[in-house]
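These notes are about the structure you will find just below.
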Amino acid sequence: MKKKNKNFLQSEDAQSTVIGVVLIIGILIATSSIYFSIQVPEWTKDYESLHTANVEDDFSEQKTLIDGIKGEIFERTINLKMCPEEVPIYGISPPGSNLDFEPGAEKFEVIVPVGGGGGGSGSWTIPNSGFTDYYDGDNSNKVSVSDDEVTLSLLTAENLILDEEYRALSGGSYYYDEVIITNNSVLSVTPASGVLKIFANNIIVESGSIIDADGCGAPGGKSESHGSGIGKGKKAGPNSDDGGGGAGYGNEGGDGGGTYGGDGGLMYGDETSVIIKAGSGGGGGGNEYDGTGGAGGAGGGGIWLDAEEINIYGTISANGVAGESGTAPGSKDAGGGGGGSGGGILIRGKDVTIPGTATLSANGGDGGDGHDSGDGGGGGAGGRIKIFYELGTVSPGWSVVGGQGGWGSPYGEDGYTGTYYVEQTAYVTSPEIAYYSSGYFVSTVHDTGDSSVGYGEMTWDATLAGQDLVMKVRTDWTENMASATSWDDCPELSSDSGENVIDLSGVGSVSPVAHRYIQYRAELSTDDESETPTLTRTKVNYSFSTQSPTVADASGSIKFRSNYLYYPNQEIVYEHGAVIKYQNEGGFMLQAPPILISNESGIPIIEISLVDLTGANYSYSGGTTTSVKNRFKTYTLFADGLKYPGLTINLTTDYPSVWSNWFDKTLEESGLDDSYFDVSVTGKNVEVDFYGKGDGVELYLEKTAVEVEI
């Protein structure tokens with residue numbers, strides 16, 4: 001019998017097995033294909049959803065960057081990923097998205113709804129009619145006004161007469177005819193205000209009356225702090241119980257007691273020149289453990305008397321103040337403060353009488369005592385007394401001794417004696433021309449003639465020789481300027497000699513449009529009373545609109561549009577400072593615009609930060625990451641709390657329903673009822689009208705221009 005060949009492939013059992021395996025593999029492949037055909041879209045959809053969230057975050061960051069760029073000269077960049085991740089292995093390459101930048105799109109306007117003036121221009125020029133014709137004398141101060149110029153006024157030669165009374169004057173120059181201090185009166189100097197200078201024809205200080213500048217110089221230092229002033233006493237060393245240094249002026253101040261005691265202050269000024277200064281403050285004492293070092297004493301002030309005839313029978317005093325003693329609980333230690341130095345007294349006249357019964361003193365203050373075994377503060381130095389006269393008798397009782405060092409272990413060092421100087425010399429009269437140090441000219445209110453006015457440049461001419469001239473300008477929609485910015489809050493527009501130019505459209509107290517009335521204030525000041533700044537011309541240019549004038553406008557949008565396979569396509573847009581998310585079902589604000597609306601006793605208050613996007617139009621389609629660069633360009637403040645009879649916001653947008661819904665919700669939350677506003681939508685235009693109802697609408701409006709580069 002012939003033997004069969006055992007071929008597996010020819011075996012019926014084997015064939016069945018192979019077929020089974022193939023069927024199983026086929027089923028697995030089919031099942032896998034079905035599974036992945038279902039799952040890959042879901043995974044892709046998840047990736048696309050995540051990508052949308054990332055784009056939202058990027059646009060929110062874009063808003064934050066642009067909002068924060070205001071007024072700062074630099075640039076910022078974000079990187080925008082244009083497509084989602086690809087599902088590994090099984091996914092197909094996702095399509096890219098679109099990014100468009102249109103600087104001229106989506107216009108935002110703030111309008112004042114008043115009738116146009118038919119066009120044209122005008123100006124308000126002074127002195128074409130003379131400054132005197134535009135001079136608000138009731139509200140001006142210390143200026144002289146003629147047709148041709150405005151200057152500071154000459155000081156009025158008044159009398160200063162104190163009879164059994166007290167009067168304080170701050171440091172600075174004063175001009176009088178007669179100064180009489182009698183019947184136990186006191187003329188005091190305001191502390192830390194500088195040297196009091198009195199110029200007059202006749203000065204009398206009778207017996208029992210006082211000119212007092214004790215402790216009115218530079219302040220002393222607190223515990224463990226230096227004093228102040230040129231000759232300040234130095235503080236004691238940290239964590240010590242040593243004394244603070246006494247202040248110097250006419251000589252050196254005494255050192256504080258102890259190893260780490262503060263150094264005494266230096267001598268300054270000189271003995272013989274016709275000039276004096278105020279005294280300096282002593283240094284603070286040291287703290288140790290629970291102790292508190294004593295504060296340094298203040299220096300004596302400065303008194304300058306200058307007249308044709310001077311008679312002093314009473315007291316003139318410019319003493320430094322003693323340093324305070326250290327304080328501590330029980331037997332703890334603390335150092336005393338240093339004494340303030342004596343101040344300065346200068347008397348200068350033609351016929352001067354100061355008998356021996358009169359007292360002139362500029363003594364240094366004593367050092368403060370240490371506590372327990374703490375160390376004493378140094379004494380302040382004596383100050384300086386100077387007398388220059390042509391005729392008369394000068395033999396006062398005078399004193400410029402230094403202060404004693406404070407008690408301690410060890411004591412502080414005594415301050416050194418100051419200087420006393422008398423010179424008989426020809427008297428030269430002080431300048432008869434003396435101007436006030438400051439004053440201001442307020443113009444009358446100028447009527448431009450139409451509410452559609454728009455303001456341009458203001459120019460002025462001034463003659464200066466080291467003096468200052470500052471202009472302030474304000475406008476209003478009412479002639480009485482009832483809602484205009486107060487002068488104190490108006491920005492200062494500084495002047496140099498010659499012609500000066502200011503663009504009024506960028507001044508926060510001046511509406512660029514729709515304020516019919518304008519007024520200015522010129523503030524003059526000088527550090528040299530013999531000189532005055534002079535204002536010789538002003539001019540304000542303006543024009544009239546043929547329609548309701550626009551206060552300011554802005555435009556520009558950055559728009560992302562996706563091209564997803566499975567997730568709903570999105571538009572993410574940055575416009576007018578807001579971030580909007582939009583899809584077929586509608587849209588909403590992701591990030592609100594920089595617009596605040598509130599209500600103050602029935603007056604709508606609108607605060608708007610316009611964002612004007614500039615640069616070249618740009619459109620991009622693709623899947624690679626794209627950078628968006630934002631570069632600051634300009635910043636302008638158009639209205640800083642200005643009022644208008646009414647306001648209109650006009651906004652063009654591809655998303656009118658989103659904006660109108662936001663305005664409706666924001667206005668509802670503002671507390672204003674619907675008699676104050678109206679929101680209407682026409683095509684792609686959203687209009688929001690605000691009604692002042694006689695009290696006006698208050699506006700804060702600024703604009704930042706940003707250059708965008710993609």
Side-chain angles (χ1 to χ4, degrees), residues 169-175 179 187-200 203 205 210-219 227-232 247-253 265-281 298-307 310 312 315-321 340-350 352 354 358-365 380-389 394 396 398-402 415-425 427-428 430-431 434 527-529:
L169 294 177
S170 60
S173 297
Y174 297 83
Y175 294 82
V179 176
L187 175 62
S188 178
V189 180
T190 302
S193 62
V195 176
L196 172 65
K197 297 181 179 181
I198 294 179
F199 299 90
I203 297 175
V205 180
I210 302 171
I211 298 179
D212 178 20
D214 290 351
C216 296
S228 55
I230 302 172
K232 62 188 176 187
Y249 175 27
N251 213 318
E252 294 180 357
L266 300 177
M267 178 175 62
Y268 57 97
D270 64 78
E271 185 175 355
T272 61
S273 67
V274 185
I275 190 168
I276 55 165
K277 298 182 181 295
S280 298
I303 300 169
W304 180 321
L305 304 180
D306 198 310
I310 298 176
I312 307 295
T315 298
I316 299 177
S317 178
N319 298 319
V321 174
S341 64
I345 298 172
L346 187 147
I347 298 173
R348 178 178 174 273
K350 183 172 185 178
V352 178
I354 311 177
T359 300
L360 310 181
S361 65
N363 299 321
R384 297 187 185 277
I385 298 175
K386 305 178 184 182
I387 302 174
F388 302 90
Y389 73 105
V394 174
W398 57 269
S399 178
V400 286
V401 298
Y416 292 87
T417 300
T419 62
Y420 174 75
Y421 179 77
V422 177
E423 179 180 342
Q424 189 168 8
T425 183
Y427 175 73
V428 178
S430 296
D527 289 331
D528 181 354
E529 286 88 353

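The residues of the chain are indexed from 1 along the displayed sequence.
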So CD1 of I345 and CD1 of I385: to nearest 0.5 Å the spacing works out to 4.5 Å
Roughly how far, to the nearest 0.5 Å, is CH2 of W398 from CD1 of I354? 13.0 Å
To the nearest 0.5 Å, what is the distance between CD1 (I211) and CG (L187)? 5.5 Å
In V179, V205, V394, I347, the residue satisfying side chain to side chain contact (heavy atoms under 4.5 Å, CB included) with I310 is I347
Residues that V195 engages under side chain to side chain contact (heavy atoms under 4.5 Å, CB included), provided they are two or more places apart: K197, I276, W304
Between V189 and G194 the two heavy atoms that sit nearest each other are CG1-O, 4.1 Å
Where S280 and A247 come nearest, the two heavy atoms and their spacing: O-CB, 3.2 Å
Check S361 against N319 and note the closest heavy-atom contact, atom names and distance. OG-OD1, 3.2 Å
NZ of K386: more than 12 outside heavy atoms within 6.0 angstrom? yes
Can you name the closest pair of heavy atoms from S341 and G279 and give their distance? OG-CA, 3.4 Å
What residues form a ring pair (Phe, Tyr, Trp, His ring centres under 6.0 Å) with Y389, not counting sequence neighbours? none
Identify which one of I312, I387, L346 satisfies the side chain to side chain contact (heavy atoms under 4.5 Å, CB included) criterion when paired with L305. I312
Can you list everything that forms a ring pair (Phe, Tyr, Trp, His ring centres under 6.0 Å) with Y268? Sequence neighbours excluded, please. Y249
At what distance, to the nearest 0.5 angstrom, does CZ of F388 lie from OG of S273? 6.5 Å
What's the spacing between E423 CD and E271 CD if we round to 0.5 Å? 11.0 Å
Rounded distance [0.5 Å steps], CD1 in I303 versus OG in S317: 7.0 Å
On a heavy-atom basis, which atom in R384 and which in A362 lie closest, and how many Å separate them? N-CB, 4.3 Å
So if I apply the side-chain hydrogen bond (donor to acceptor under 3.5 Å, both in side chains) rule between S399 and each of T359, T417, N363, which one comes out positive? N363
Nearest heavy-atom neighbours spanning A381 and E252: CB-O, 3.4 Å
R348 vs V428, test: side chain to side chain contact (heavy atoms under 4.5 Å, CB included). Steps then yes/no. CA-CA 9 Å; R348 178 178 174 273; V428 178; 3.7 Å; yes
